[in-house]
Amino acid sequence: MNQYDDQKISVSPILIGLMGSGKSSIGRRLARHLQLPLIDLDEYIVEKAGRSIPEIFERDGEPAFRQMETAALREVLGQHAVIATGGGIVMAEENRKLLASHPPVIWLKASPEFLADRIDGDSNRPLIAAGDTLKKLQALAAIRYPLYEQCADFILPRGDMKKPQALQTIIEYLAHWQATQ
Ligand code: S3P
């Protein structure tokens, strides 16, 4: 129980963070709690393209995937939903501007070490499909952490928390955010 329990939270939060940080799974729990649909941007792209993320990377290339990602982001922003983005969403300046105009944006911050165990060998993630997962995540983190930070209205230290506590922390933040708008 907390001071926000009986308030209706009516926001459309966007989750960002490296792959494996729990955007989809925490997003699902958050959407259920807020009684909102979850829009998973990767799933949205896959459905539209009619092929999997690895297929898109292989056949069309990463730049084409990034264009699809920006188009998808534009299409879903503004909907009353929880939006879980792909880990690379912050790379394009255009996307960062879009995110900035649709708060609140929540960064599920997790270290490469925390993530490496969780996603090692995941064949659905082309950027870590081959080679040393930890090294790749460290390289991505070095580039992306400052961008996530720049985009985030709230930072959730993901590694320190189990999912129920992470969910509760986000809900409390959202209630606070709403109360201060
Ligand atoms: C990517 C992350 C993936 C997916 C694509 C590229 C990235 O999403 O969009 O494989 O650049 O970090 P998840 O973060 O949901 O795994």
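- With hydrogens and angles disregarded, a donor-acceptor distance shorter than 3.5 Å links the side chain of R158 to the backbone of M161.
- Under the 4.5 Å side-chain heavy-atom criterion for Ile, Leu, Val, Met, Phe, Trp and Tyr, L41 and L140 are members of the same hydrophobic cluster.
- W177 and I14 are assigned to two separate hydrophobic clusters, defined by single-linkage of ILVMFWY side chains at heavy-atom distances under 4.5 Å.
- When atom types are taken as modelled, the side chain of R29 and the backbone of L167 share no donor-acceptor pair closer than 3.5 angstrom.
- No donor-acceptor pair closer than 3.5 Å links the side chain of S12 to the backbone N or O of V82.
- For the pair K23 (side chain) and G17 (backbone), a donor-acceptor distance under 3.5 Å is present.
- Summarising the geometry of L18 relative to A141, their closest heavy-atom pair is CD1-CB, 4.0 Å, with the distance given to 0.1 Å.
- Between E93 and R96 there is no salt bridge, since no side-chain N of the basic residue sits under 4.0 Å from a carboxylate O of the acidic one.
- Smallest separation of non-hydrogen atoms from G78 and H102: N-CD2, 3.7 Å.
- Shown here for G22 and R118, the closest heavy-atom pair between the two residues is N-NH2, 4.1 Å.
- Although no hydrogens or angles enter the test, the distance criterion places no donor-acceptor pair under 3.5 Å between the side chain of K109 and the main chain of G159.
- Between Y173 and F154, the angle of the ring planes stays under 30°, which puts this pair in the parallel group of the 30/60° scheme.
- Contact of the D60 side chain with the M68 side chain is registered, since non-hydrogen atoms from C-beta on lie closer than 4.5 Å.
- Both I143 and L115 are part of a single hydrophobic cluster, where members link through side-chain heavy atoms under 4.5 Å apart.
- Counting heavy atoms from C-beta on, the side chains of I53 and R125 never come closer than 4.5 Å.
- The two residues P54 and S123 come nearest to each other via the heavy atoms CG-O, 3.6 Å.
- Taking the side chain as every heavy atom from C-beta outward, L174 and I106 approach each other to under 4.5 Å.
- One N or O on the side chain of D153 and one on the backbone of V105 form a donor-acceptor pair closer than 3.5 Å.
- With hydrogens and angles ignored, the 3.5 Å screen pairs no side-chain donor or acceptor of D40 with any backbone N or O of S24.
- Although no hydrogens or angles enter the test, the distance criterion places a donor-acceptor pair under 3.5 Å between the side chain of Q178 and the main chain of K8.
- In terms of modelled atom types and a separation under 3.5 Å, the side chain of Y148 and the main chain of G87 share a donor-acceptor contact.
- For Y44 against A72, the heavy-atom pair with the smallest separation is CD2-CB, 3.6 Å.
- The shortest heavy-atom contact between L127 and E62 is CD2-OE1, 3.6 Å.
- When side chains are defined from C-beta on, S25 counts as touching R28, because their heavy atoms get closer than 4.5 Å.
- Proximity of I171 to L30: side-chain heavy atoms (C-beta onward) are separated by under 4.5 Å at one or more points.
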**Asked** Is there a salt bridge (charged side-chain N to carboxylate O under 4.0 Å, His left out) between E94 and K97 once you walk through the steps?
**Response** CA-CA 5 Å; E94 185 179 355; K97 283 189 182 150; over 6 Å; no

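- Linking Ile, Leu, Val, Met, Phe, Trp and Tyr residues whenever their side-chain heavy atoms come within less than 4.5 Å places I16 and V76 in a single cluster.
- Put simply, L156 and L147 are part of two different groups of oily side chains (I, L, V, M, F, W, Y) that touch within less than 4.5 Å, one to the next.
- Counting heavy atoms from C-beta outward, T85 and E69 have side chains that stay 4.5 Å or more apart.
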